[in-house]
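No hydrogens, no waters, no symmetry mates; every other heavy atom, side chains included, goes into these values. Each chain gets a letter, A, B and so on, in the order its sequence line appears, and its residues count up from 1. Quick caveat, the model's predicted, so the values are computed rather than measured.
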Amino acid sequence: MPASNSGSKAQSGAPRDFIRTIVDADMKAGKNNGAVHTRFPPEPNGYLHIGHAKAICINFEIAAERSGLCNLRFDDTNPVKEDVEYVDAIKDDIAWLGFDWGDRLYFASDYFGRLYELSEQLVEQGDAYVDSCNSDEIRELRGDTTVEGKAGPYRDRAPAESLDLLRRMRAGEFEDGAHVLRAKIDLTSPNINLRDPIIYRIRHVEHHRTGNDWCIYPMYDWAHGLEDSFEGITHSLCSLEFENHRPLYDWFLSKLGVHHPQQIEFARLNLSFFVMSKRHITTLVEKGAVSGWDDPRLPTLRGLRRRGYTPGSIRSFCREIGVAKFNSTVELVKLENELRSDLNANAQRRLAVLDPLELVVTNWPEGKVDMVPAINNHEDESAGTRDVPFSGRLYIERADFMEEPPKKFFRMAPGREVRLRYGYYVTCTGVEKDEATGEVTRVLCEYDPESRGGNTADERKVKATMHWVSVDHAGDAELRLYDNLFQVPNPMKFKKGKTLLDNLNPNSLTVQHAKVEPSLMDAQPGFTCQFERTGYFTVDTVDSKSGAPVFNRAVSLRDSWAKVEKQAANQAAQRAKKK
RNA sequence: AACCCCAUGGUGUAAUUGGCAACACAACUGGUUUUGGUCCAGUCAUUCCAGGUUCGAGUCCUGGUGGGGUUACCA
């Protein structure tokens with residue numbers, strides 16, 4: 001199970017939404033014997049992203065909350081687009097999220113035989129016929145939203161003749177495209193899906209699971225409802241774009257007189273600063289804008305996982321955003337908030353200096369090393385402490401020292417006393433500079449031997465507590481600081497002649513070399529911790545090596561000092577403008 | 001263009017089904033703090049518009065406006 005305190009705050013009762021309301025009403029009315037059974041039905045043609053996570057959470061959680069079941073079913077009806085590689089990746093991602101489909105792993109391809117038999121029944125009933133028009137002719141005859149469809153020459157083909165042709169299609173007597181099986185519904189329907197939709201098409205293609213057993217493959221509309229029916233699904237939850245397919249879903253099931261689940265549609269997830277569609281993510285991968293499908297800047301589950309997102313944070317995010325039929329865009333900060341909330345409670349703290357500046361403690365005894373205890377997690381006492389070496393030469397953050405500090409700057413400055421976290425109070429006594437550039441190369445200070453651990457007997461206050469790492473004990477680590485992949489909230493909005501790529505953020509990845517406390521040098525891939533005062537980092541699962549760790553920044557800490565700085569900068573700019 | 005769906009703070013969702021618009025995030029104030037983190041307190045909408053029904057409308061009706069989906073031998 002994922003380490004998580006997910007749901008710790010959304011405590012105002014169980015989630016409520018229109019789907020849960022329908023399901024509960026059905027159960028109360030005794031429909032389906034009062035049971036609920038859902039399914040998550042991906043096509044194995046790509047990797048899952050956080051939008052899929054929303055659907056996964058909805059299906060698995062609605063069932064679990066009501067002691068029901070949720071199946072995992074691969075909708076592998078189109079062999080030209082699918083592959084086992086994706087089957088394995090999808091299973092892995094769902095399990096990582098923490099959901100268990102038990103022994104209920106199904107494939108549409110396992111139903112090919114039953115699906116075919118029912119199609120013969122439909123033909124015998126006179127509800128389907130074999131059409132021998134080619135795809136252009138079919139499209140032409142079907143019309144469009146302004147033009148009514150017209151019957152083609154084969155629509156009134158006798159059932160016996162259609163049945164014979166269907167059997168020969170199945171037997172492989174025809175080339176791709178020679179015939180199709182179509183439902184006989186209504187060519188004049190304003191809903192195009194009802195204008196004699198295709199049920200089977202001929203495709204002499206090897207299927208990743210059934211090999212060459214079949215040369216006709218069922219279309220989504222034919223397969224999906226029946227799969228739901230076979231599995232005893234009670235509520236078939238899908239996204240809004242299938243709304244217009246529901247009449248067809250219902251038509252097939254009622255014509256066949258089989259178990260009839262209820263299809264309910266909900267809005268897909270949109271997240272600001274991200275693109276969710278497979279097509280666009282593919283573009284990013286192919287154009288080299290990202291390193292692959294598991295790039296930590298991508299909203300793919302593999303990317304988020306590598307970035308340092310926890311399963312619990314994704315699940316609580318999905319719970320928080322709710323379910324509705326309105327096409328909305330959730331702010332990225334909402335997701336980040338869930339991650340911070342999870343990690344704040346569960347991640348251990350470590351000391352790491354991202355942009356090192358040397359600090360010399362001039363009154364520190366030569367050669368002395370003091371192992372000071374550092375608290376692993378203030379939010380979780382059971383996480384205990386660890387000892388960190390403190391010595392006379394330290395690294396501090398360059399941004400934590402200013403020779404001429406502005407008003408609200410609390411950190412180190414000449415003459416000022418600050419606390420080095422878990423260490424000692426130190427007072428800045430001077431600086432050393434590069435004579436040519438004027439850049440500060442070292443900061444000098446004196447420590448108070450009575451302040452070990454960060455407290456003094458006289459309880460005098462300091463305004464800042466800073467993190468540090470001992471120079472002689474520090475390890476070198478590569479840090480990958482991620483920012484939004486796109487620089488605009490809606491990357492799909494671009495001017496004529498421009499593309500998605502023009503909205504990329506050129507600074508979405510910054511690589512830095514940091515000084516880290518010794519314990520971090522053998523951190524295991526996937527280990528996630530907070531670098532105190534900077535952010536949450538996770539050891540990269542691809543490029544990190546023992547002794548040469550690589551850390552990905554999952555998310556930074558909230559930084560109210562940055563806001564103060566920004567405000568000050570804005571005010572200064574405005575003042576300059578006035579002059 | 002036709003058909004279908006949708007519309008509640010800056011964002012995402014609630015509202016016991018016609019009865020005081022709630023929660024989370026964001027933003028802003030202030031307090032606490034050995035992380036400028038966390039935590040705590042406070043501020044921030046009369047529900048797209050116009051009519052109607054009603055003692056009473058976010059909720060029901062009519063008409064607008066705006067947004068999304070569909071028009072594949074993909075799912």
Relative to the ring of [Y], is the ring of [X] parallel (under 30°), tilted (30 to 60°) or perpendicular (over 60°)?
X        : Y        : answer
A:Phe537 : A:Phe531 : parallel
A:His245 : A:Phe242 : perpendicular
A:Tyr217 : A:His207 : parallel

With rounding to whole Å, what would you report as the distance between [N] and [M] at their [atom1] atoms?
N      : M      : atom1 : value
B:rA15 : B:rC28 : P     : 31 Å
B:rU35 : B:rU43 : C1'   : 27 Å
B:rA50 : B:rA57 : P     : 15 Å
B:rC20 : B:rG56 : C1'   : 12 Å
B:rA27 : B:rA22 : P     : 22 Å
B:rU46 : B:rU59 : C1'   : 15 Å
B:rG69 : B:rG51 : P     : 32 Å
B:rU11 : B:rG63 : C1'   : 31 Å

Quick one: side-chain contact (heavy atoms from CB on, under 4.5 Å) partners of A:Met219, sequence neighbours excluded?
-> A:Ile198, A:Arg201
Residues which pass side-chain contact (heavy atoms from CB on, under 4.5 Å) with A:Asp483, listed by chain and number, not counting sequence neighbours | A:Asn505
Base orientation of B:rU17, chi within 90° of 0 counted as syn, else anti, reads syn
Salt bridge (charged side-chain N to carboxylate O under 4.0 Å, His left out) against A:Asp131, all qualifying residues, sequence neighbours excluded =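 A:Arg182.
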Kindly write out the residues that satisfy salt bridge (charged side-chain N to carboxylate O under 4.0 Å, His left out) with A:Glu61, not counting sequence neighbours, or none if the list is empty.
-> A:Arg315, A:Arg319
Just compare B:rC25, B:rU35, B:rG69 and give me whichever is closest to any side-chain atom of A:His378.
->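 Given the options B:rC25, B:rU35, B:rG69, the side chain of A:His378 is closest to B:rU35.
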Listed nucleotide nearest any side-chain atom of A:Asn344, set B:rG37, B:rC3, B:rG69 = B:rG37
Counting any heavy atom closer than 4.0 Å, what does [X] reach on the DNA or RNA strands: base, sugar-phosphate only, or nothing?
X        : value
A:Asn455 : base
A:Thr329 : sugar-phosphate
A:Asn327 : sugar-phosphate
A:Phe409 : base
A:Tyr217 : nothing

Is a donor-acceptor contact shorter than 3.5 angstrom present between the side chain of [X] and the base of [N]?
X        : N      : value
A:Arg340 : B:rG37 : no
A:Lys334 : B:rA24 : yes
A:Glu331 : B:rG10 : yes

Write down the protein N/O and nucleotide N/O pairs, taken from nucleotides 71-74 of chain B, whose separation is under 3.5 Å; answer none if there are no such pairs.
{"residue": "B:rU71", "atom": "O2", "partner": "A:Thr145", "partner atom": "OG1", "Å": "3.1"}
{"residue": "B:rC73", "atom": "OP2", "partner": "A:Arg142", "partner atom": "NH1", "Å": "3.4"}
{"residue": "B:rC73", "atom": "OP2", "partner": "A:Arg142", "partner atom": "NH2", "Å": "2.7"}
{"residue": "B:rC73", "atom": "N4", "partner": "A:Cys133", "partner atom": "O", "Å": "3.4"}
{"residue": "B:rC73", "atom": "N4", "partner": "A:Ser135", "partner atom": "N", "Å": "3.0"}
{"residue": "B:rC73", "atom": "N4", "partner": "A:Gly177", "partner atom": "O", "Å": "3.3"}
{"residue": "B:rC74", "atom": "OP1", "partner": "A:Arg203", "partner atom": "NH2", "Å": "2.8"}
{"residue": "B:rC74", "atom": "OP2", "partner": "A:Arg201", "partner atom": "NE", "Å": "2.7"}
{"residue": "B:rC74", "atom": "OP2", "partner": "A:Arg201", "partner atom": "NH2", "Å": "2.5"}
{"residue": "B:rC74", "atom": "OP2", "partner": "A:Arg203", "partner atom": "NH2", "Å": "2.8"}
{"residue": "B:rC74", "atom": "O3'", "partner": "A:Arg201", "partner atom": "NH2", "Å": "3.2"}
{"residue": "B:rC74", "atom": "O2'", "partner": "A:Asn78", "partner atom": "ND2", "Å": "3.0"}
{"residue": "B:rC74", "atom": "O2'", "partner": "A:Lys81", "partner atom": "NZ", "Å": "3.0"}
{"residue": "B:rC74", "atom": "O2", "partner": "A:Lys81", "partner atom": "NZ", "Å": "3.4"}

Excluding sequence neighbours, so at least two apart, what forms side-chain hydrogen bond (donor to acceptor under 3.5 Å, both in side chains) with A:Lys515?
->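 A:Asp476.
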From [atom1] of [X] over to [atom2] of [N], roughly how many Å is that when rounded to an integer?
X        : N      : atom1 : atom2 : result
A:Leu335 : B:rA26 : CG    : C1'   : 14 Å
A:Glu265 : B:rC5  : CD    : P     : 10 Å
A:His224 : B:rA75 : NE2   : P     : 11 Å
A:Ile22  : B:rU17 : CD1   : P     : 17 Å
A:Glu336 : B:rG12 : CD    : P     : 17 Å
A:Arg195 : B:rC4  : CZ    : P     : 14 Å
A:Glu243 : B:rC5  : CD    : P     : 7 Å
A:Asn337 : B:rA24 : CG    : P     : 11 Å

Side chain to side chain donor-acceptor pair (under 3.5 Å) pairs, two or more places apart, involving residues 267-276 of chain A |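 Residue pairs passing side chain to side chain donor-acceptor pair (under 3.5 Å), neighbours aside: A:Glu241-A:Arg268.
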With sequence neighbours left out, which residue pairs that include part of residues 455-465 of chain A fulfil the side chain to side chain donor-acceptor pair (under 3.5 Å) condition?
-> A:Glu417-A:Arg460, A:Arg419-A:Thr465, A:Asp448-A:Arg460, A:Thr456-A:Asp458, A:Asp458-A:Arg460
Short side-chain N/O contact from A:Lys563 to OP1 or OP2 of B:rC28, under 4.0 Å =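 Answer is yes, contact under 4.0 Å.
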Between A:Leu420 and A:Val330, just flag the one whose closest nucleotide in RNA chain B comes earlier from the 5' side.
-> A:Val330
Comparing A:Pro42 and A:Asn244 on RNA chain B - which has the more 5′ nearest nucleotide = A:Asn244
Base-pair string, RNA chain B, Watson-Crick plus G-U, cut-off 3.5 Å on both distances, | for inter-strand, is (((((((..((((.....[..)))).(((((.......)))))....(((((..]....))))))))))))....
Compare all side-chain heavy atoms of A:Met466 with those of A:Phe401 and state whether any distance is below 4.5 angstrom.
->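 No, every pair of side-chain atoms sits at 4.5 Å or beyond.
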Under 4.5 Å between any side-chain heavy atoms of A:Phe410 and A:Trp561, yes or no?
-> no
Taking only residues at least two apart or on different chains, which pairs with a member in residues 45-54 of chain A satisfy salt bridge (Lys or Arg N to Asp or Glu O under 4.0 Å)?
-> none
What N/O pairs connect the protein and nucleotides 13-16 of chain B at under 3.5 Å? Give each pair on its own line.
{"residue": "B:rU13", "atom": "OP1", "partner": "A:Ser328", "partner atom": "OG", "Å": "3.1"}
{"residue": "B:rA14", "atom": "OP1", "partner": "A:Val323", "partner atom": "O", "Å": "3.0"}

Please list, chain by chain and in numerical order, all residues satisfying ring pair (Phe, Tyr, Trp, His ring centres under 6.0 Å) with A:His208, sequence neighbours excluded.
-> none
